[in-house]
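Notes for the one structure printed next.
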Protein chains: 2
Amino acid sequence: MTQGRRQEPVSKKISESAVRRLSLYLRALEELDRAGHETVSSGQLGFKCGTTAAQVRKDLSLFGSFGKRGLGYRVEELILAVRDILGLTRPWRVALIGAGRIGSALFEYTGLGHRGFEVVAIFDCDPSKIGQEWGDSIILDVAELERVVRELDVEIAILAVPVEAVQGVMDRACRAGVRGVLNFAPLRLKVPEGVTVKDVNLVIELESLTFALRQSR
Amino acid sequence: MTQGRRQEPVSKKISESAVRRLSLYLRALEELDRAGHETVSSGQLGFKCGTTAAQVRKDLSLFGSFGKRGLGYRVEELILAVRDILGLTRPWRVALIGAGRIGSALFEYTGLGHRGFEVVAIFDCDPSKIGQEWGDSIILDVAELERVVRELDVEIAILAVPVEAVQGVMDRACRAGVRGVLNFAPLRLKVPEGVTVKDVNLVIELESLTFALRQSR
DNA sequence: TTGTGTGAATCCCTTCACAGCG
DNA sequence: CGCTGTGAAGGGATTCACACAA
């Protein structure tokens with residue numbers, strides 16, 4: 001039962017969608033916290049995130065029991081619990097590979113640095129970019145990828161490189177020890193055992209939009 | 001039955017995930033086509049897209065029957081069929097709202113223009129950006145949003161504006177006739193009836209990555 | 001024989017409903 | 001009471017398995 005404490009990861013399979021909702025809950029909770037709310041009910045939280053009270057309770061119950069019956073959840077406590085579940089209790093060392101438009105958009109995006117993701121290295125292959133300073137990082141030659149990834153113990157690689165280059169770059173990053181990959185290229189990467197990939201594909205989003213629009217016409 | 005023809009949209013509910021897979025299939029098919037393949041089996045297509053033969057056949061069977069038993073699918077025909085299903089047989093008029101980093105990344109991204117999405121207007125509120133030319137578009141003052149959206153009959157708005165501004169801008173775009181929205185702000189938009197929203201949220205992707213990494217440690 | 005199209009079976013996720021605790 | 005936590009029910013989505021067509 002472990003009242004109020006997170007259960008240790010039993011070998012239960014957690015669905016991707018539940019995890020994505022937890023991430024939404026976390027954002028909503030942080031907003032509530034900033035707004036000075038002490039407690040929140042599953043109904044309120046669900047409403048803010050576009051889901052139901054039952055869904056919220058079920059999602060949380062996969063990891064423990066964090067609420068008080070009759071009262072709801074203490075916002076601060078739940079924030080800590082969800083951060084812990086999502087693995088956000090420590091910063092993650094990220095390398096940004098590709099300093100083009102997408103890369104720079106990501107780098108500037110305050111969401112990253114202020115949310116526990118430390119961009120410890122930026123790589124590009126364009127000689128005119130190598131050596132430029134972004135914030136207090138310097139753009140490095142992608143030729144040095146392996147060495148730098150190993151030395152800085154990079155855990156996550158964000159791949160914002162052209163589709164032709166992406167598989168090769170990923171292979172190299174993984175061999176140097178990267179275990180998580182965020183891929184912006186529209187291509188299914190072949191990954192070694194033990195490496196997790198998430199794809200971000202804007203064309204899919206747009207095409208599922210046009211599908212919906214076409215239907216409702 | 002309707003051999004080789006797309007069935008008219010019966011009121012069957014099509015899952016979001018099936019649609020997303022169709023978009024993947026389309027990309028794989030186009031690659032096969034460029035590589036000169038005439039036909040493809042559900043197994044091959046599934047493998048390229050990280051799913052199974054049965055899944056491919058089921059997905060396609062939601063919309064008609066496009067293959068030949070014992071032979072597979074003709075690549076060219078299936079491309080046309082899937083484009084039709086996804087609503088890609090005509091270009092869509094898109095407005096890009098917000099000409100910051102994300103906006104420029106999207107605009108440059110060749111995927112858009114070359115895939116049936118016409119960026120017919122770009123808006124920003126920064127006076128130093130208004131009037132700049134991007135390609136053969138000029139950045140317009142967001143104050144003119146309603147007029148321009150109406151005049152150019154914009155159908156889809158890509159919202160790449162700060163989170164504080166996004167709900168207001170979306171409301172205005174929808175009142176002017178926009179029916180589809182791609183939202184980059186980490187916020188659940190309240191949308192009027194008949195408008196479809198897709199959210200793109202990089203933090204969710206990263207956090208589901210850290211969840212996975214945390215588990216496998 | 002090959003590989004599609006599709007009912008049936010299975011699995012997983014969401015929703016329901018309520019016991020139980022504060 | 002109010003609201004959580006959770007078994008049970010319900011509903012979708014995926015997988016299976018096979019009849020059938022080329």
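In the text below, chain A, chain B and the rest are named by the order of the sequence lines, each starting its count at 1.
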Ignoring the backbone of [X], work out which of [options] is nearest its side chain.
X	options	result
A/S15	C/dC13, C/dC16, D/dA13	C/dC13
B/R69	C/dG3, D/dC3, C/dT6	C/dG3
A/K58	C/dT14, D/dC18, D/dT15	C/dT14
A/Q55	C/dT4, D/dC16, C/dT15	C/dT15
A/R57	D/dT15, C/dG5, C/dA17	C/dA17
A/A54	D/dT4, C/dT15, D/dC16	C/dT15

Between [N] atom [atom2] and [X] atom [atom1], what is the distance in whole Å?
X	N	atom1	atom2	answer
A/F66	C/dG22	CZ	C1'	19 Å
B/L60	D/dT14	CG	C1'	15 Å
B/K13	C/dC13	NZ	P	17 Å
A/Q44	D/dT4	CD	P	9 Å
B/R74	C/dT4	CZ	C1'	16 Å
A/R20	C/dC13	CZ	P	14 Å
A/R21	C/dT15	CZ	C1'	12 Å
A/D59	D/dT6	CG	C1'	14 Å

Does a side-chain N or O from A/Y73 land closer than 4.0 Å to OP1 or OP2 of D/dG5, or not?
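Checking A/Y73 against D/dG5: at least one side-chain N or O falls below 4.0 Å of OP1 or OP2.
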With a cut-off of less than 4.0 Å, is there a side-chain N or O of B/S42 near OP1 or OP2 of C/dT4?
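Looking at the OP1 and OP2 atoms of C/dT4, one of them is under 4.0 Å from a side-chain N or O of B/S42.
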Just call it for A/T52: base, sugar-phosphate, or nothing, with non-hydrogen atoms closer than 4.0 Å on any strand.
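Sugar-phosphate, no base atom in range.
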If the threshold is 4.0 Å, N to carboxylate O, is there a salt bridge linking B/R90 and B/E155?
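Result for this pair is yes, salt bridge flagged.
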Any ion pair linking A/R172 and A/E146 (charged N to carboxylate O, less than 4.0 Å)?
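Judged by the 4.0 Å cut-off on N to carboxylate O distance, A/E146 and A/R172 do form a salt bridge.
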Taking B/Q167 for the side chain and B/K190 for the main chain, is one N or O donor matched with an acceptor at less than 3.5 Å?
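Side chain of B/Q167 to backbone of B/K190: a pair is present.
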Under the 3.5 angstrom rule, does the side chain of B/R101 hit a backbone N or O of A/S104 as a donor-acceptor pair?
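Between the backbone of A/S104 and the side chain of B/R101 there is no qualifying donor-acceptor contact (under 3.5 Å).
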Does a side chain donor of either A/N201 or A/E205 reach within less than 3.5 Å of an acceptor in the other side chain?
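There is no such pair (donor and acceptor under 3.5 Å, judged by atom type) between the side chains of A/N201 and A/E205.
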Start at the 5' end of DNA chain C and walk down; is the nucleotide closest to A/I14 or to B/L71 reached first?
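This one resolves to B/L71.
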